[in-house]
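Taking it in order: structure first as structure tokens, then the write-up.
In this text, all values refer to a predicted model and were calculated from it rather than measured experimentally.
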Amino acid sequence: MGISAWYLLKGRHTEFAQYSLKVSLIVGLIAAMMQLPLGHWHAVQVAQTQPEKLAAVEGLFETQARAPVLLFGIPDEANGRMIAEVKVPGLLSLLAHMDINAEVQGLNGFPRDEWPPLALTFYPFHLMVLLGLYFIGLTLLGVFLWWRGLLFKYKFFLWLALLSIPLPFIVNELGWITAEVGRQPWVVYHVLRTADAVSISVPAYQVLLTLVLFVVIYAFLFWAWLYLIRKLVGAGPEEAR
Amino acid sequence: MVALQIIWFVLIAVLLIGYAVLDGFDLGVGVWHLFLRGDAERRASLAAIGPLWDGNEVWLLTGGGALFAAFPHVYATVFSGFYLALMLLLFALIFRAVSVEFRGKEESPRWRNGWSIAFALGSIIPALLFGVALGNLMRGLPLDASRNFTGTFLSLLNPYALLIGLTGLAIFAVHGARFLAVKLEGEVAQRARKWASIAGTAFWLLLLISVIATVRTQPLLMQNYNAYLALWLLPLGIAVFGFLSMLSDMKNRYTAAFVYWALTIVMTLASVATALFPRMVPALNDPALSLTVYNASSSQLTLTVMLVLALIGMPLVIGYTVWAYRAFSGKVSLEDAEY
């Protein structure tokens, strides 16, 4: 979508870009909508298998029936409560257990040393959901403009599509952060703590060294990749063949 | 239970030997990469391995995965003990994989030379390190009472392990040159034959020194051979197949020469596996601490379930591997612009 929009804004490969923008809009809308049931099923599974993670993700401190979904809130980890929360009562119970009165376990029901790092679970998750909704909105807006015959006229929409190119990559990473930080402190759930699973014969400085090297190497490869992608996009669909 | 443990030792040996035979030739092609003259030759050599190398590397992943599941204690000791070496291997393989794909996508000579160097180093380092790792296992590792490796990265670079590493590098270099002789046309194929003979000479010399060093310094590795004379057929096979490979090359039958060299690799590694058995990680300081097939394996249930899965999965893997090699058989031309 973004690259098609860029071609249209630049007035290059217009025929190709109009066609590819439509195709990617359809694919994008279906894919964005699919995230709703897929995310829901995944959350239902997490509610059953890792209640601490669900509580951390949803910022739920007290175990309660008619548990709410937060529209806004700032977790206060030290005091075990939410600040400035805006909530929809009962929605979390309904979503997680198909019953508005079902009880959902809160974080305060679990020992403190079994909580996942709260901020790194709560914020990435909500940012991910927010961006997921944004994708639905963006593609719906595109389809609406297409229906009204305005798709290629509104520069605003084309700019939005162009600037949104990095967002799916970021959302992907946010989801990973939520999943992997949310499973802490366990490496095998309720069996083996991450802290106890560390290799004895590998000194910490070696882990740090290789981590730094990973970052450096991947940054370099990312640069090379960006360079090639820019070249490919700049060459356009005909020359790239 | 003992039967299952032995079956899994054999299966993991098969996977890793299969890896050495398959990825061995594309690592070997990388060893010679900088000796190829001009862009067309280099592209043709990349096109020769392009559709095959990543399928070959799957055998390493499968071998490592099977080791983790079947012999978790070996996996834990070796992967933690060899941490820096394995990371070096991983970085080399990352650069190698990327350079195959990125090199041809930009015309600039600087870009192409840079990725050529990355590809060559990314091939030479693994081709050397696999032998160094094997050499260290043959020599034994210093272990504590809970089987943790107590040495350092530098202690892994001891003379014996480096000797085995160089032998491995030579065997892969021959393999790669033999492969290039099959896949390339004209003058460059003749040059590849010369490389194979130079690296072949180096391999036989290094092998001789390795065998002498092993017989003289590693009595544990000789136990099986002393107990069962028939096992000497395996090391004998190295000489027989190596000779047949040279003979086929002289008669200009390059595919036969390549296949016989593959069998030379099989025999070499099978000889090593036989020498190690039943030890998987011998302890250098106290033989009683050694990790063996019997004290390092998973439960009977795990080994049984894995065996069922392997019996289903192995034919599939062998099937698609054969299919891929048939689909991409034949010469690669120097005008091929795909890579």
Side-chain angles (χ1 to χ4, degrees), chain A residues 2-3 6-7 12-13 165 169 172-173 176 180 183 185-241, chain B residues 68 72-108 110-112 114-115 117-119 121-122 141-156 281 283 289 291 337-338:
Chain A
I3 291 167
W6 187 67
Y7 283 149
R12 296 172 51 194
H13 316 291
I165 288 179
F169 297 94
N172 209 315
E173 294 302 323
W176 273 111
E180 298 301 330
R183 69 180 296 176
W186 306 105
V187 65
V188 179
Y189 186 63
H190 283 192
V191 177
L192 181 63
R193 281 174 178 271
T194 309
D196 298 330
V198 173
S199 291
I200 296 167
S201 50
V202 181
Y205 82 87
Q206 291 187 2
V207 180
L208 181 66
L209 174 74
T210 48
L211 185 64
V212 170
L213 279 173
F214 264 114
V215 171
V216 171
I217 288 173
Y218 272 77
F220 168 72
L221 293 178
F222 184 59
W223 166 83
W225 179 80
L226 273 183
Y227 174 79
L228 284 180
I229 291 280
R230 256 191 56 187
K231 190 183 155 213
L232 205 66
V233 171
E238 289 88 12
E239 288 84 345
R241 266 291 99 203
Chain B
F68 172 59
H73 299 285
V74 173
Y75 184 91
T77 298
V78 172
F79 277 63
S80 295
F82 291 180
Y83 181 77
L84 282 185
L86 283 173
M87 285 294 157
L88 184 62
L89 174 74
L90 188 60
F91 292 142
L93 290 177
I94 289 173
F95 270 107
R96 188 181 126 83
V98 175
S99 48
V100 174
E101 301 298 329
F102 276 14
R103 186 182 177 282
K105 295 210 163 43
E106 163 71 54
E107 302 284 340
S108 120
R110 255 184 66 204
W111 174 273
R112 292 207 170 167
W115 290 113
I117 292 168
F119 179 64
L121 284 180
L141 299 177
L143 301 179
D144 67 12
S146 23
R147 269 80 168 183
N148 285 307
F149 175 67
T150 55
T152 62
F153 173 64
L154 287 177
S155 75
L156 294 173
V281 185
L289 290 174
L291 288 165
E338 199 57 43

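Contact of A:Phe214 with chain B is made through backbone and side chain together, with heavy-atom distances under 4.5 Å. Only the side chain of B:Leu90 comes within less than 4.5 Å of a heavy atom of chain A; its backbone N, CA, C and O stay farther away.
At distances below 3.5 Å, not a single donor-acceptor pair connects side-chain atoms of A:Arg12 with backbone N or O atoms of A:Trp6.
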Check chain A and chain B for donor-acceptor pairs under 3.5 Å and report each one on its own line.
from: A:Ser199; atom 1: OG; to: B:Ser80; atom 2: OG; distance (Å): 2.7
from: A:Thr210; atom 1: OG1; to: B:Tyr83; atom 2: OH; distance (Å): 2.7
from: A:Tyr227; atom 1: OH; to: B:Glu106; atom 2: OE1; distance (Å): 2.9
from: A:Lys231; atom 1: NZ; to: B:Lys105; atom 2: O; distance (Å): 2.7

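Chain A forms the most heavy-atom pairs under 4.5 Å with one residue out of B:Leu88, B:Leu84, B:Ile94, and that residue is B:Leu84.
Looking at heavy atoms from C-beta onward, A:Trp176 lies in side-chain contact with A:Asn172 at the 4.5 angstrom threshold. With contacts defined as side-chain heavy-atom distances shorter than 4.5 Å, the pair B:Phe119/B:Val100 qualifies.
Under the rule for a ring pair (Phe, Tyr, Trp, His ring centres under 6.0 Å), B:Phe95 has no partner lying at least two apart in sequence or in another chain.
Considering all non-hydrogen atoms of both residues, B:Phe82 and B:Leu156 come closest at CE2-CD2, 3.4 Å. Of all heavy-atom pairs spanning A:Leu221 and B:Phe102, the tightest one is O-CE2, 4.3 Å. Residues A:Leu192 and A:Ala197 approach most closely at CD2-CB, 3.8 Å, considering heavy atoms.
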